[in-house]
Amino acid sequence: MTSDIKETTAKEPLNFIEEIIENDIAEGKNDGRVHTRFPPEPNGYLHIGHATTIFLNFGLARKYNGLCNLRYDDTNPVTEETEYVDSILEDVRWLGFEPDNIFYASDYFGQLYEFAVQLIQKGAAYVDDSTAEEIAALKGTPTEAGQPSPYRQRSVEENLRLFEGMKNGEFPEGSRVLRANIDMASPNMIMRDPVLYRIKFAHHHRTGDEWCIYPMYDMAHGQSDSIERITHSICTLEFAPHRELYDWLIEQLGIFPSRQYEFARRNFSYTVVSKRKLLKLVQEGFVNGWDDPRMPTISAMRRRGFTPSALREFSRRIGIAKRENLVDLGLLEFCVREDLNKLSKRVMAVLNPLKLVITNYPEGEAEWLETENNPEDPESGIRLLPFSRELWIEQDDFMEDPPKKFFRLSPGQLGRLKSAYIIQADEVVKDGEGNITELRCTYFPESKSGQDTSGLKPKATLHWVSAAHAIPAEVRLYDRLFMVEDVDDDPRDFKDLLNPDSLVVIENAWLEPSLADALPGEYFQFIRMGYFTPDTDSKPGKPIFNRTVTLKDAWAKIAQKG
RNA sequence: UGGCCUAUGGUGUAAUCGGUAACACAGCAGAUUUUGGUUCUGUCGUUCAAGGUUCGAGUCCUUGUGGGCCAACCA
């Protein structure tokens, strides 16, 4: 009772954007309407940073009964492709959101052209014949004012004629641009007559060859927001200087006043989120594609076995603010474990097999033992596991000469085989080089799991699979992609910072037979080893599993300390 | 002698008229456990600096300092 009261009264603190929205609603701004948008450029796959932005924009719309559009910011045909368009929608949906509208900035090319004409007509824009270098030279520096272009004083008529000529393909690429007529001495560099339109004879993924002039970001983004009557246009901090231009264009055109708000983009430890760098990793073969499970892309995390709800929880916990940050990806691992602990089926798999023979168990016999599917979920039920004389156990679970704190199997010691019997290690069999090839044990028939009358108290419980029933599998173990925490801050080339052990492939793991038909999208805990999911490379008869994340490992910590 | 943003434990965020600096992760210690998992308990540790206003400052004022972004026909 009291805890219920606590839960309902303890309300989550608002982030600064929610405060702005609630103030706007209280003031009746936009008739209390909230409309956001998620505006990716389709020039790469979405990554973990986009995921937090998706949760922000779609989450805000959901929280305030508003709408959220997906809008592809496709104003640069040179870098944009439909492959990316498709993957973006798939990722948004996988995260649990259906856009209220799916738009493209390219839908507005006609309207945007009209806007540009309006600007020219009121003397707010002009065609400049300068080269890119000439424009840059007259731009000035942050501490020095720029100089006006020699083409700045052209008549409205001439500007109109030339801009139309640009549109009609009469001029070569790079020969002319349309510029806003603002203030070459503005302390804000963005306001020094920014380029609005450029000529590009490039094939656009949607409009084909219809256009040879394309609007710049500033000429497209705010106008698209306005056309869609977006109320809160949320972007990252590096666009803050653009806000002045965003507002100026809305003012000049007299269109719906969308408002821009900026938050700090997220940086993550041991990875990169720059699209340029991610593209390089893919193109130069440092990873096996955009969805290589080591990548920070949404498609990679899906393939690796992360859940949408873990990502959502992670996003909620890191919050939103305006300061520089480096988010510990360990928190994401925590969220993944927290979610998977509740929903994943417990199964047994041996990754580095050591043969174990139970010398007092009859040869050729097998019995099927009950085991629970998930102790965290009483609804999950039980299943049967085959047990027999020859088993596989984990190599790490036996030490011939163990340190004090090791309480798994060692000569003479007892161990519990999970859901089966207690055994005692008797004898080690070695090959000519002294490697342990087999462990011979005896078992206690009266110690059967669930009906144990042996009175024995082994300190460790081991996972195992019956050798005669096990199915072979490949298992891929992933570790952090980079060796340094803050990759972007490191002076070395980021490709020299890659972790050489980010992928370890185990070719000959043994799985319990129930895993034979597991499909991608199913989540498992390999008991004592971690969370795993079938990889999309799996073939019938040749399952491949990805390790999503390890379990917390207290023993590893102890062993490391010595 | 530019403009804008920003500064709270190791990390990420709270503290909504100026009123006991808190939550989570990580760390450490312990209990429980047929997963060295989970769960539970305890614990460590924080306001960039210096002045000022005030009974009282993370919050207000002044002056500094640190970090980030801006000079693509990228977004």
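Keep in mind that the numbers below use all heavy atoms, side chains included, and drop hydrogens, waters and symmetry copies. Remember, predicted model here, so these are calculated numbers, not experimental data. So that the names make sense, note that chain A is the first sequence line, chain B the second, and so on, each numbered from 1.
As rounded to whole Å, 15 Å separates atom P of B:C23 from atom CZ of A:Arg316. One interatomic measurement links the two molecules: CG of A:Asp247 to C1' of B:G3, which rounds to 16 Å at whole-angstrom precision. Rounded to whole angstrom, the span from the NZ atom of A:Lys322 across to the C1' atom of B:A14 amounts to 18 Å. Regarding A:Glu244, its CD atom lies at a distance of 14 Å from the C1' atom of B:C5, rounded to whole Å. Going from atom CG of A:Asn15 over to atom C1' of B:A15 covers 15 Å, rounded to whole Å. Here B:C25 presents its P atom at 12 Å from CG of A:Asp328, a figure rounded to the nearest Å. Atom CH2 of A:Trp248 and atom C1' of B:G3 are 19 Å apart (whole Å). Whole-Å rounding puts the A:Phe334 CZ to B:G12 C1' distance at 13 Å.
When the C1' atom is compared between B:U59 and B:U47, the two are found 10 Å apart, to the nearest whole Å. Between B:U46 and B:A29, the two C1' atoms lie 22 Å apart (nearest whole Å). Comparing the same atom, C1', in B:A50 and in B:G9 gives a spacing of 23 Å after rounding to whole Å. Nucleotides B:C17 and B:G10 have their P atoms positioned 29 Å apart, rounded to a whole Å. The gap from the C1' atom of B:U39 to that of B:U33 amounts to 9 Å, rounded to the nearest Å. The P atoms of B:G18 and B:G27 are separated by 38 Å, rounded to the nearest whole Å. To the nearest whole angstrom, the two P atoms, one in B:A26 and one in B:U65, are 39 Å apart. As rounded to the nearest Å, B:A24 and B:C44 have C1' atoms that lie 16 Å from one another.
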*Show your working on side-chain hydrogen bond (donor to acceptor under 3.5 Å, both in side chains) between A:Glu164 and A:Tyr113 and close with a plain yes or no.*
CA-CA 10 Å; A:Glu164 189 172 0; A:Tyr113 179 81; 5.4 Å; no
_Show, in sequence, the C-alpha distance, side-chain angles and deciding distance for A:Asp128 and A:Arg152, and conclude whether the salt bridge (charged side-chain N to carboxylate O under 4.0 Å, His left out) test is met._
CA-CA 7 Å; A:Asp128 193 331; A:Arg152 203 180 200 222; over 6 Å; no
*Intermediate values then yes/no, side-chain hydrogen bond (donor to acceptor under 3.5 Å, both in side chains), A:Asp225 and A:Tyr246*: CA-CA 10 Å; A:Asp225 285 340; A:Tyr246 184 103; 2.8 Å; yes
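Ring centroids of A:Tyr217 and A:Phe239 are separated by less than 6.0 Å, placing the two rings close together. Side-chain rings of A:Phe526 and A:Phe545 approach one another, their centers coming within less than 6.0 Å. No close placement of the A:Phe16 and A:Tyr261 rings is indicated, their centers lying 6.0 Å or farther apart. Ring centroid separation for the pair A:Phe163 and A:Tyr197 comes in under the 6.0 Å cut-off. In this structure, the ring of A:Tyr270 has its center no less than 6.0 angstrom from the ring center of A:Phe482. Taking the centre of each ring, A:Phe103 and A:Tyr72 stay at or above the 6.0 Å mark.
To the nearest 0.5 Å, atom CE of residue A:Met189 and atom OG1 of residue A:Thr141 are 6.5 Å apart.
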*With the sugar-phosphate defined as primed atoms, P, OP1 and OP2, and the base as all remaining atoms, what B/S/- string results for nucleotides 64-75 of chain B, 5' to 3', for protein heavy atoms under 4.0 Å?*
----SSSB-BSB
*For each nucleotide in nucleotides 28-41 of chain B, reading 5' to 3', give B when a protein heavy atom comes within less than 4.0 Å of its base, S when such contact involves only the sugar-phosphate, and - otherwise.*
S-----BBBBS---
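With sequence neighbours excluded, the residues that form a side chain to side chain contact (heavy atoms under 4.5 Å, CB included) with A:Ala220 are A:Thr75, A:Leu112, A:Pro215.
Closest approach to the A:Pro13 side chain among B:U16, B:G12, B:G2 is made by B:U16 (side chain taken as heavy atoms from C-beta onward).
Anti is the classification of B:A50, since its glycosidic angle lies more than 90° from 0.
Judged purely by atom type and a 3.5 angstrom limit, A:Asn374 has no side-chain atom pairing as donor or acceptor with the backbone of A:Lys345. Although no hydrogens or angles enter the test, the distance criterion places a donor-acceptor pair under 3.5 Å between the side chain of A:Asp74 and the main chain of A:Ser106. Panel note: side chain A:His221, backbone A:Asp218; no donor-acceptor pair is recorded below 3.5 Å.
Residues A:Asp452 and A:Tyr421 bring no donor and acceptor atom of their side chains to less than 3.5 Å of each other. A donor and an acceptor atom, one from each side chain of A:Arg37 and A:Ser233, are located under 3.5 Å apart. Of the N and O atoms on the side chains of A:Tyr126 and A:Asp193, at least one donor lies less than 3.5 Å from an acceptor on the other residue.
With a 6.0 Å radius and a threshold of 12 heavy atoms from other residues, nucleotides or ligands, A:Lys63 has its NZ atom above the threshold.
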Report each atom pair, protein N/O against N/O of nucleotides 42-48 of chain B, whose distance is under 3.5 angstrom.
none

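Base-pairing analysis of RNA chain B finds the following stems of at least three consecutive Watson-Crick or G-U pairs, with both pairing distances under 3.5 Å: B:2-7 with B:65-70, B:10-13 with B:22-25, B:27-31 with B:39-43, B:48-52 with B:60-64.
Within residues 260-270 of chain A, the residues that have a heavy atom under 4.0 Å from RNA chain B are, in order of number, A:Arg266.
For the pair A:Arg323 and B:U8, the criterion of a side-chain N or O lying under 4.0 Å from OP1 or OP2 is met.
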